[in-house]
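Shown next, in C-alpha cells, is the structure this report addresses.
Numbers restart at 1 for each chain; the letters A, B, ... are given by sequence-line order, proteins then strands.
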Amino acid sequence: MTERRKPYPFDQIEPKWQTLWDERCAFRAPNPGEPDFDPNRPKYYILDMFPYPSGAGLHVGHPEGYTATDIVARYKRMRGFTVLHPMGWDAFGLPAEQYAIRTGQHPAITTRENIAKFKMQLKRIGFSYDWDREISTAEPDYFRWTQWIFLQIYNSWFNPETNRAEPISTYSGADPDAVRLAYVAEVPVNWCPDLGTVLANEEVIDGKSEVGGFPVVKRPMRQWMLRITAFARRLIDELDGLDWPDGIKLLQRNWIGASEGAVVRFAVAPAQLQAGGTAEEIEVFTTRPDTLYGATYLVLAPEHPLVDQLTTQEQRDAVAAYREQVGSKSDLERTDLAKDKTGVAIGAFAINPANGERVPIWIADYVLMGYGTGAIMAVPAHDERDLEFARKFDLPIREVVQPTEGEAIGFTGDGAAINSPLLNGLATAEAKTKIISWLEDNGRGRRNIRFKLRDWLFSRQRYWGEPFPIVWREGKHEALAESDLPLTPPPLDDFKPTGTGEPPLAKARDWVRYSEAATRETNTMPQWAGSCWYYLRFCDPRNADRFVGAEAEHHWMGGSQPAGVDLYVGGTEHAVLHLLYARFWHKVLFDLGHLSKPEPFQRLVNQGMILGEDGRKMSKRWGNVVDPLDVIAEYGADAFRCYEMFMGPLEQMKPWSMKGVEGVSRFLARVWRLVMEENQAGEWVLSPAVQDVPLEKRQLKMMHASIKKVSDDIEALAFNTAISQMMVYVNEFTNAPAKPVTAMRMLLVLLNPFAPHLTSELWEILNARFPDAARDITDCAWPLHNPDYLIEDEVEIVIQVNGKLRDKMTVAIDAADADVEAAALANPKVGELIAGKTIRKVVVVRNKLVNVVAN
RNA sequence: GCCGAUGUGGCGAAAUGGCAGACGCAACGGACUUAAAAUCCGUUUCCAUUAACAUGGAGUGCGGGUUCGAGUCCCGCCAUCGGUACCA
C-alpha cells in the first residue's frame with residue numbers, strides 16, 4: 001500500500017515546532033524572584049488532573065481535557081497572563097504493584113517506563129506544558145513532602161471552639177492521641193481471603209474483588225484514619241463560593257450528607273439492667289423527633305456496645321446466634337440479598353421519654369453501627385424500613401402524623417401531629433422545634449446534626465506507596481523527625497501480600513527494626529495521598545526546604561479570588577473522593593498557616609467521556625481503543641487536537657469518529673492552501689494570492705465577527721463552535737481572488753491555540769514576505785474586535801402572521817416600529833392571509849421580526 | 001427506590017423566548033481528469049401537490065400549560081446513561 005499524500009506537510013512542521021518550543025523553553029512560567037518574572041502580568045493557573053501512567057499508554061480520552069486546557073493556556077498567554085500549566089504523574093498505585101507481583105519487575109522500573117511513554121505521547125500532541133515543573137509522586141523529592149504533610153496532620157487536632165485545625169500542643173486534654181487528625185483505630189476493612197489482602201473500597205465492586213471477583217468480607221483490623229469528619233460542615237459550606245458545576249457540588253453535599261435532627265435518650269427500664277451492667281440509657285439519632293410518640297420499639301446495630309449488657313438471660317443464645325450470622329455475611333449478602341428484614345429482640349425494654357411507655361429493644365442489621373449513634377427509635381407508621389420490620393415481627397404501629405390526604409400509615413412526609421399530647425395539631429416543622437425544646441428542657445435529648453461522611457481509612461497493606469513516617473514503641477505510635485524524611489520504602493524482591501493481612505513491608509526485617517525498642521509502621525498510604533497536594537508542588541517543584549515556597553504559593557494560589565487554581569479540568573470519576581480529600585488537606589494546611597486560601601480549586605470543569613466508534617466505552621475488551629499516536633501519524637497533531645474539540649461540548653459524552661478527524665483535517669488543509677500553493681516541482685510555496693490589500697466590507701465583518709465569536713467561545717470553553725466559526729471564516733476566503741494578508745494573519749492568531757504547529761509555520765512563512773509583525777506567533781497579542789464593523793445598514797426581518805413565518809423583507813437598520821408595521825401590513829402575502837379578519841395586535845421586535853395577530 | 005444528566009435530520013451537533021438543523025460527517029449530482037484520488041461547486045428534516053420554478057402542511061422523546069411567538073420557560077409522564085443505595 002502506498003502512503004497517501006499528506007494534505008499538508010504536518011509530518012515536517014510538527015516535530016520542527018515541538019523541538020523549537022523545547023529549545024526555547026517557550027512555555028516556562030517564571031516564579032517570583034526569578035530574573036524573567038514580570039510582576040505586572042496577572043497569573044493564571046490552569047491544571048489538568050494528572051494521569052496514572054499505566055502500561056497501556058494514553059488513549060484518546062485522556063487528551064480531551066488536556067487539549068481544552070492547552071487551548072485556554074495558549075489563549076491566556078496571548079492575553080497577557082503568566083500561565084502556570086504543568087503536568088506530572090500520579091505514580092504510586094496498584095496496577096504497577098500487581099504487575100510486579102506477576103512478573104517480578106520492580107514497580108519503580110515499570111513506572112519509569114510508563115512515564116516515559118506517556119510523556120512522549122503528550123509531547124507529540126504539542127501541549128504547552130512547562131516541563132521544567134514535571135513531578136512524580138513516587139520520587140523521594142516529592143513523597144518526602146507527602147510524608148511531611150502527614151506529620152502536620154498527625155500533629156494537629158480539630159478545635160471545635162475555633163472550628164479549625166490547630167497544633168496538637170494547643171490541646172489541653174489528657175490524651176492527645178484521642179483527638180489527633182491522624183489516628184489509629186480498629187475498624188472493619190474489606191478483607192479478601194482468596195487474595196490474602198485487604199482491599200480499598202474502590203477495589204471492591206458489588207461485594208467482590210475487582211481483581212479476580214473473589215468474595216470480600218468485613219473484618220476488623222488496626223488502621224490509620226484521618227479525621228475528615230471534623231471538617232464536614234466546612235466542606236459543605238465552603239462549596240458555595242466555588243465555580244463548580246452544580247451537579248458536582250450536589251454530589252459532594254450528598255456524599256457528606258448532613259442530616260438535621262435530634263439525639264434522644266431513652267432510659268433503660270430498670271428491671272432490665274443485667275448484673276454488672278451500668279448502662280442506664282440508650283441514645284438514638286432521629287431526623288423526625290416529632291414522631292417520638294410513635295416510637296414503639298428501639299433497634300440497636302448488632303455490633304452496638306450496649307448489647308451485651310442489656311441482653312436478658314433468656315435471649316442470650318438467640319442474640320449470639322444472630323450476631324454470628326450477621327458477622328459472617330459478606331457485604332454482598334448484607335446489602336443486595338438481605339433486603340428482607342431480620343433481627344432479634346434482646347429481651348430488654350426502654351422507656352419512651354414522651355409517654356413513659358415501655359418499648360422493646362431489638363437488634364437488626366438494618367441499623368448500621370457506623371451512622372448516627374448506632375441505634376434508632378423505630379417509628380413504623382412513618383418509616384418504610386421500620387414499617388417492614390414491624391409487620392414482619394408483629395410490633396405495634398402507631399400513627400402520629402396526619403397527611404393532608406391519604407393514608408397515615410407509611411406516610412413519611414410532613415403533615416400534622418396526632419396522637420402526640422404535646423404536639424397535636426402542629427405542622428411537622430413546628431412539632432420538631434417544640435419537641436426538641438421539650439427534650440432539652442427535660443434533659444432527654446438535644447438538637448443534633450449527623451453526617452454520612454466517615455473518617456478516611458488511610459492505610460493500605462501494600463508495597464508501592466508512601467511509607468508512614470511513624471514508629472511504634474511499646475505499643476504506642478510516635479512521629480519521625482522531619483529531618484528523617486524522606487522515608488523511602490525498603491528494596492523488596494517479593495511484593496506479594498503476606499496472606500495474613502500484614503503489609504508486605506513487614507517482610508523487610510532490617511528496615512522495620514528502627515531501634516532496639518522501636519519498629520516502623522509497615523502500612524503505606526493510599527494512592528489518593530500523592531494527588532491530594534500535587535497542585536501545590538507544581539507552584540515550586542524544586543524547593544528543597546519546603547513543600548512549597550511561601551512566595552510562590554502566594555503568587556500562584558493566592559490573588560483576589562477565593563481560591564487558587566483558576567481552572568481545573570478532569571473527569572467526573574473524581575467528583576467525590578479526590579476533590580474531597582484534596583480540599584480536606586488544603587484546609588488543614590490553611591488552618592496551620594501554610595497556605596493563602598482555604599480552597600484549592602476555584603473553577604472546576606468535567607470533561608465527558610469519549611466512547612469508541614461503536615458507541616461503547618473504550619476498552620481492550622471491545623477492541624475499540626484509539627491510540628492518539630496512530631491518529632497523529634495519519635492526520636497530524638493539529639487535526640487530532642481540533643477534532644477532540646470539534647466533536648461536541650466538552651462536558652458531554654460522545655463517540656469517536658475517524659471520519660470526523662478527516663473532516664477537521666480537511667479544514668486545516670484548506671487553511672494551509674489559503675496561504676500556500678504547489679509549484680511545478682510539487683513544492684509548497686507562498687501563494688501569490690496573498691497580498692497586502694485592504695479587506696472588502698463583508699470580509700472585515702467576517703473577521704471581526706470571528707474575533708468576537710472565537711474569544712467568547714474560548715472563555716466559555718465552547719471550542720466546538722469556535723472551530724465552526726473559523727471554518728466559516730475559511731469558507732468565506734476560499735474563493736476570494738486575493739487573500740488579504742491581514743485577514744490571513746488574523747485567522748492564524750485565532751486558530752493558534754487550537755492548531756499551534758500549523759499556524760506557527762504559516763506565520764513564519766508570511767513573515768518572510770510581509771515582515772512587519774511579531775517574530776513568532778506565540779508573541780502576538782490576542783486581538784480585540786471592533787463592533788463598528790459588525791453594524792449593518794440594512795437587515796432582513798421576518799414577517800409572521802399568527803406566529804407563523806410567511807415572508808421576509810429588508811428594512812433599514814433600527815427602522816421605526818411604525819414603519820416596519822406599515823411595511824408588513826402592506827405585504828401582499830399578509831394581506832391575503834388576514835383578508836376578512838380583524839387585526840388584534842402587531843408585535844414588532846427591532847431588527848428581528850414583525851408578527852401580525854389577526855382572527 | 002433516591003439523586004443527577006441527556007433526549008433535535010442517516011450520523012456528530014448548532015440555535016440571548018423570535019427564520020429549527022449553523023459547522024462538520026455520510027450520501028447524491030456537477031466541474032477538473034484518459035481515468036481515479038485529491039480539490040472546487042451544488043443538493044440533502046419528513047410528507048403531500050407540481051412537468052418544472054415552486055407551493056402547502058408537519059416537525060426538536062410523549063401529554064398538557066404560559067406567551068403574539070416555545071427546542072428554549074412551567075407542570076406531568078416515558079426512555080437512555082451515570083452515581084448511590086437499609087444513612088434513621
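- Taking atom P on both nucleotides, B:G59 is separated from B:U72 by 13 Å, rounded to a whole Å.
- For the pair A:Trp255 CH2 and B:A85 C1', the interatomic distance rounds to 11 Å; values are reported in whole Å.
- Proximity note for A:Lys841 (side chain, C-beta onward) versus B:A88, B:C68, B:C40: the nearest is B:C68.
- Taking atom P on both B:A31 and B:G18, the two are 43 Å apart, rounded to the nearest angstrom.
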Using residues 795-806 of chain A as the side-chain source, report each donor-acceptor pair under 3.5 Å to any protein atom, sequence neighbours left out, with the distance given to one decimal.
{"from": "A:Asn802", "atom 1": "OD1", "to": "A:Ala854", "atom 2": "N", "distance (Å)": "2.9"}
{"from": "A:Asn802", "atom 1": "ND2", "to": "A:Ala854", "atom 2": "O", "distance (Å)": "3.1"}

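- Here, B:A20 and B:A26 have their P atoms 28 Å apart, quoted to the whole Å.
- Side-chain atoms of A:Met809 and A:Val850, non-hydrogen and from C-beta on, do get closer than 4.5 Å to each other.
- In the model, A:Tyr366 has a side-chain atom that pairs as donor or acceptor with a side-chain atom of A:Asp386 under 3.5 Å.
- A:Asn624 pairs by the side-chain hydrogen bond (donor to acceptor under 3.5 Å, both in side chains) definition with A:Asp614, not counting sequence neighbours.
- In terms of modelled atom types and a separation under 3.5 Å, the side chain of A:Lys739 and the main chain of A:Thr734 share a donor-acceptor contact.
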What does the list of N/O pairs under 3.5 Å between the protein and nucleotides 22-28 of chain B look like, with a distance for each?
{"from": "B:A22", "atom 1": "N1", "to": "A:Ser724", "atom 2": "OG", "distance (Å)": "3.3"}
{"from": "B:G24", "atom 1": "OP1", "to": "A:Asn731", "atom 2": "ND2", "distance (Å)": "3.2"}
{"from": "B:C25", "atom 1": "OP1", "to": "A:Arg666", "atom 2": "NE", "distance (Å)": "3.1"}
{"from": "B:C25", "atom 1": "OP1", "to": "A:Arg666", "atom 2": "NH2", "distance (Å)": "2.8"}
{"from": "B:A26", "atom 1": "OP2", "to": "A:Arg666", "atom 2": "NH2", "distance (Å)": "3.2"}

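- In this structure, A:Trp656 places its CH2 atom 21 Å from P of B:C11, rounding to the nearest Å.
- One can place CD1 of A:Ile449 at 13 Å from P of B:A88, the figure rounded to the nearest angstrom.
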At a cut-off of 3.5 Å, list every protein nitrogen or oxygen paired with a nitrogen or oxygen from nucleotides 19-21 of chain B, distance to 0.1 Å.
{"from": "B:C19", "atom 1": "O2", "to": "A:Lys808", "atom 2": "NZ", "distance (Å)": "2.6"}

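- Listed by chain and number, the residues in a side-chain hydrogen bond (donor to acceptor under 3.5 Å, both in side chains) with A:Arg698 are A:Glu732 (sequence neighbours excluded).
- The distance from atom CZ of A:Arg253 to atom C1' of B:C3 is 14 Å, rounded to the nearest whole Å.
- Side-chain N/O atoms of A:Gln652 include none lying less than 4.0 angstrom from OP1 or OP2 on B:A5.
- Residue contacts shown for A:Asn254 are limited to sugar-phosphate atoms, with no base heavy atom under 4.0 Å away.
- Of the residues A:Val307, A:Asp365, A:Val344, the one that meets the side chain to side chain contact (heavy atoms under 4.5 Å, CB included) test with A:Arg323 is A:Val307.
- More than 12 heavy atoms of other residues, nucleotides or ligands shown are found within 6.0 angstrom of NZ on A:Lys392.
- At a threshold of 4.5 Å between non-hydrogen side-chain atoms, the residues A:Thr291 and A:Asp383 do not count as touching.
- Separation of the P atoms belonging to B:C78 and B:G42 is 48 Å when rounded to the nearest angstrom.
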Pair pattern of RNA chain B in dot-bracket, where unpaired bases get dots and | marks partners in another strand, Watson-Crick or G-U under 3.5 angstrom
(((((((..(((.....[....))).(((((.......))))).(((((....)))))..(((((..]....))))))))))))....
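- With both ends at atom P, the span from B:G71 to B:G65 equals 15 Å, rounded to whole Å.
- Counting all heavy atoms, side chain and backbone alike, A:Ala575 lies closest to A:Ile248 at CB-CD1, 3.6 Å.
- In textbook terms, a nucleotide whose glycosidic angle is within 90° of 0 is syn, while B:G82, being further out, is anti.
- Remark: P of B:A85 and CZ of A:Arg454 are 10 Å apart, rounded to the nearest angstrom.
- The aromatic rings of A:Trp362 and A:Phe389 sit perpendicular to each other, their planes meeting at more than 60°, with 30° as the lower class boundary.
- An OP1 or OP2 oxygen of B:C40 is reached within less than 4.0 angstrom by a side-chain nitrogen or oxygen of A:Arg673.
- With both ends at atom C1', the span from B:U33 to B:A38 equals 11 Å, rounded to whole Å.
- Shortest non-hydrogen contact noted between A:Ala350 and A:Phe266 is CB-CB, 4.1 Å.
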Identify all pairs in which a protein N or O lies below 3.5 Å from an N or O of nucleotides 56-61 of chain B, and state each distance.
{"from": "B:G57", "atom 1": "OP2", "to": "A:Arg806", "atom 2": "NH1", "distance (Å)": "3.3"}
{"from": "B:A58", "atom 1": "OP2", "to": "A:Lys804", "atom 2": "NZ", "distance (Å)": "3.3"}

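- Side chain of A:Asn679 to backbone of A:Gly682: a donor-acceptor contact under 3.5 angstrom is found.
- Residue A:Leu650 contributes atom CG, which lies 17 Å from atom C1' of B:A14 at whole-angstrom precision.
- Residue pairs meeting the side-chain hydrogen bond (donor to acceptor under 3.5 Å, both in side chains) criterion with at least one member in residues 570-581 of chain A, sequence neighbours excluded, are A:Tyr568-A:His578.
- Spacing between atom CG of A:Leu453 and atom P of B:U84 amounts to 15 Å, rounded to whole angstrom units.
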Protein-proximity profile, nucleotides 70-82 of chain B, B/S/- by nucleotide at the 4.0 Å heavy-atom cutoff, equals -----------S-
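- Checking the phosphate oxygens (OP1, OP2) of B:C41, a side-chain nitrogen or oxygen of A:Asn735 falls inside 4.0 Å.
- Not counting sequence neighbours, A:Arg447 has no partner by the salt bridge (charged side-chain N to carboxylate O under 4.0 Å, His left out) test.
- Remark: A:Trp255 engages no residue in a ring pair (Phe, Tyr, Trp, His ring centres under 6.0 Å) (not counting sequence neighbours).
- Comparing B:C19 with B:U60, their C1' atoms are spaced 15 Å from each other, to the whole Å.
- Taking atom P on both B:C3 and B:A85, the two are 16 Å apart, rounded to the nearest angstrom.
- Inter-residue side-chain proximity for A:Gln252 and A:Leu235 is flagged as unmet; no heavy-atom pair is nearer than 4.5 Å.
- Summarising the geometry, the separation between CG on A:Asn802 and P on B:G69 is reported as 9 Å, rounded to the nearest angstrom.
- Under the rule for a ring pair (Phe, Tyr, Trp, His ring centres under 6.0 Å), the partners of A:Phe231 that lie at least two apart in sequence or sit in another chain are A:Phe158, A:Phe584.
- Within 4.0 Å of A:Ser259, counting heavy atoms only, lie sugar-phosphate atoms of the nucleic acid but no base atom.
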